[in-house]
Amino acid sequence: MDPFEDTLRRLREAFATGRTQPAKFRATQLRGLSRFLQDNKQLLLDALAQDLRKSDFESEVSEIAISQAEVTLALKNLRAWMKNERVPKNLATQLDSAFIRKEPFGLVLIIAPWNYPLNLTLVPLVGALAAGNCVVLKPSEISNSVEKVLAEVLPRYLDQSCFAVVLGGPQETGQLLEHKFDYIFFTGSPRVGRIVMTAAAKHLTPVTLELGGKNPCYIDDNCDPQTVANRVAWFRYFNAGQTCVAPDYILCSPETQERLLPALQSAITRFYGDDPQSSPNLGRIINQKHFQRLQALLGCGRIAIGGQSDESERYIAPTVLVDVQATELVMQEEIFGPILPILNVQSLDEAIDFITQREKPLALYAFSNSSQVVKRVLARTSSGGFCGNDGFMHMTLTSLPFGGVAGASGMGRYHGKFSFDTFSHHRACLLRSPRMEKVNDLRYPPHTPRNLRVLLVAMEARCCSCTLL
Ligand code: NAD
C-alpha cells in the first residue's frame, strides 16, 4: 500500500485542469501564505523555540520576516515575472513572434531540513506557488514542532487540491522519491542530496540541491580585530551555529589569531553574558545525535574559548579552537554547531591555496581593511556566494541568487525572482507566419550555392544575439 499515491494523483489531476495557471490563483495562494505567517506568528515562534530554543529575535529575523519578504516581493512582481519575454530575432524570423514563456513544471516536491525549518520550507514554496505549480511539501521530521504546524495549519490557508504536506523520515521520503515529480527542490546534507539526485535520475527529473559544506573565513592582518570578532561571533553562534552559510573555520596568521582571541571572548561575553548557558539568546543543538557528534569535535586542537557542554539541555558553549590541524575530524566534516576552529596560514596566497584545494564551499568570507585583499580572495576562489567584511548578509538580499556551485555546496539557485525562474520552465516559443513561404524556399532542397550564401549572410546576425533556424 503506497501512502502517497492518492495525494499525488489528486494534485496531478488538479494541475491538469490548468487552475494553478492564472495570476489570480497564484496571488490568492501567496496571500494565503502571508496570512498564515501573520495569523500564526506566536504559534510559529513557540514551535521554533521548542525545536531549537531559538530566541524570538532570531526567529523573527531569520524565519518569519524573510519568508514574509519573499511573499511580498512575489506578490508585487508576479505579473511582471509571468510575462512572456520578447527576444531578438534574425532575418528569417522578422515577421514572426519569438518569446520565452514561463510555464510551471507541474507537480513539484520540496524537501526541507530542520535548521531553519520555516524559512527553508516556505521560501522555496513561494517560488513554486508563484510559478503556478502544484506542490508537495516534505518538512523535516526532526524539527517536529514546526513540522506539526506546517502539516496541521498551513494547508488551511492554501488550495488543498493543489497543495499537500506529507510527513516522514528517511524511509518514507525514500518511498516518496520513487514517484515521478516534475521538479525536486531539496535542501539538506550532501549525503541525502546524493540519494535525492539518484532517485531523480531514475525519472530524469530536474533538481535543485541546496546543500552545505565548510565555509572558509579568511581574516587579514590589516583589520580591526573587535569589529571582525563581533561579526564573526554573531554569525557563527547564530542559531547555535546550525547554519549552512555560517563560517566553518577561520584562516589567519598567528599574530592575527592572538589579537582576535580576546576580541572574540569579548564579543561572546557581550552577546551571551558570563554564563552563555543562561542566555535567552543562544539556541540549543537540535537533538542528541548532533550533540554527541559535536562533542566529539571539541576534542580537536586546543580549546581557547568555551568548550563547556550540558547534555541534559543539549547545550554547547560558544567555542573557539586553536592549534587545529587540517587532518583533524573538525576539519573533515561540516561543523554545524557553535564551534569555530582557527587555522594558521602565513600569507594570503597560502590561505587561497588552502581554500582552492578543497571542495567549493557554499559561502566564502574575507575580512580586511584593504579592498584589494578582499577582491583578491574573490577573484582567486569559487563558492556559491561571497561576502566581504561580514557574515551571511549576502543572502538577505532577494536581488542576489542563493545556492551552491556544484559538489557538496549543491546546484541551482533561488530567492526572489530566481525562485520564480527556478520553478518555471522557460519555454522557447516561435510563432511563425503562415504566409511568406517564398522566403523559406531558400532552405529547401535541392540546395544551391546561392541559397547557401544568402543563409550564411542571415547567420551573421548571430552577433546581435540572433540565431538562425
Ligand atoms: P538531511 O539531509 O539529513 O535531511 C534533509 C531532508 O531529507 C529531511 O526532510 C529529511 O527527512 C530527508 N531525509 C533524510 N534522510 C533521508 C534519506 N535517507 N532519504 C530521503 N530523504 C531523507 O539534512 P538536515 O540534517 O535536515 O540539515 C542539515 C544539512 O542541511 C546540513 O548539511 C546543511 O548544510 C544543509 N543545509 C543547507 C542549506 C542550504 O540552503 N544550502 C540550508 C540549510 C541546511
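Indexing begins at 1, ligand by ligand and atom by atom, following the structure's order. Just so it is clear, the values below take in all heavy atoms, side chains as well, and ignore hydrogens, waters and symmetry mates.
At a distance under 4.0 Å, no protein heavy atom can be found next to atom 4 (O) of ligand 1.
Residue contacts with ligand 1 for L362 involve side-chain atoms from C-beta outward but no N, CA, C or O (heavy atoms, distance under 4.0 Å). With a 4.0 Å cut-off on non-hydrogen atoms, V245 does not touch ligand 1 at all. Here I142 has no heavy atoms under 4.0 Å from ligand 1, in either its backbone or its side chain. Under 4.0 angstrom from ligand 1, the non-hydrogen atoms of A112 all belong to its backbone. When non-hydrogen atoms are compared, ligand 1 lies under 4.0 Å from the backbone of T187 as well as from its side chain.
The shell of residues lying under 4.0 angstrom from ligand 1, judged by heavy atoms, includes S140. The shortest heavy-atom distance from Y116 to ligand 1 is not under 4.0 Å.
Using cut-offs of 30° and 60° for the angle between ring planes, the H415 and F402 rings count as parallel.
For R12 and D182, the salt-bridge test passes: some basic side-chain N is under 4.0 Å from an acidic carboxylate O. Residues K202 and E178 are not paired through a salt bridge, judged by the lack of any N-O separation under 4.0 Å between the basic side chain and the carboxylate.
Side-chain polar atoms of S55 and N281 form no donor-acceptor pair below 3.5 angstrom.
Atom NZ of K41 has 12 or fewer heavy atoms from other residues, nucleotides or ligands within 6.0 Å. The number of heavy-atom neighbours closer than 6.0 Å to CE of M197, taken from other residues, nucleotides and ligands shown, is 12 or below.
Screening Q242, E60, E63 against K54 for a side-chain hydrogen bond (donor to acceptor under 3.5 Å, both in side chains) leaves a single residue, E63.
The protein atom (non-hydrogen) at minimum distance from atom 24 (P) of ligand 1 is W114 NE1, 3.3 Å. The single protein non-hydrogen atom nearest to atom 13 (N) of ligand 1 is V192 CG1, 3.7 Å, given as residue, atom name and distance.
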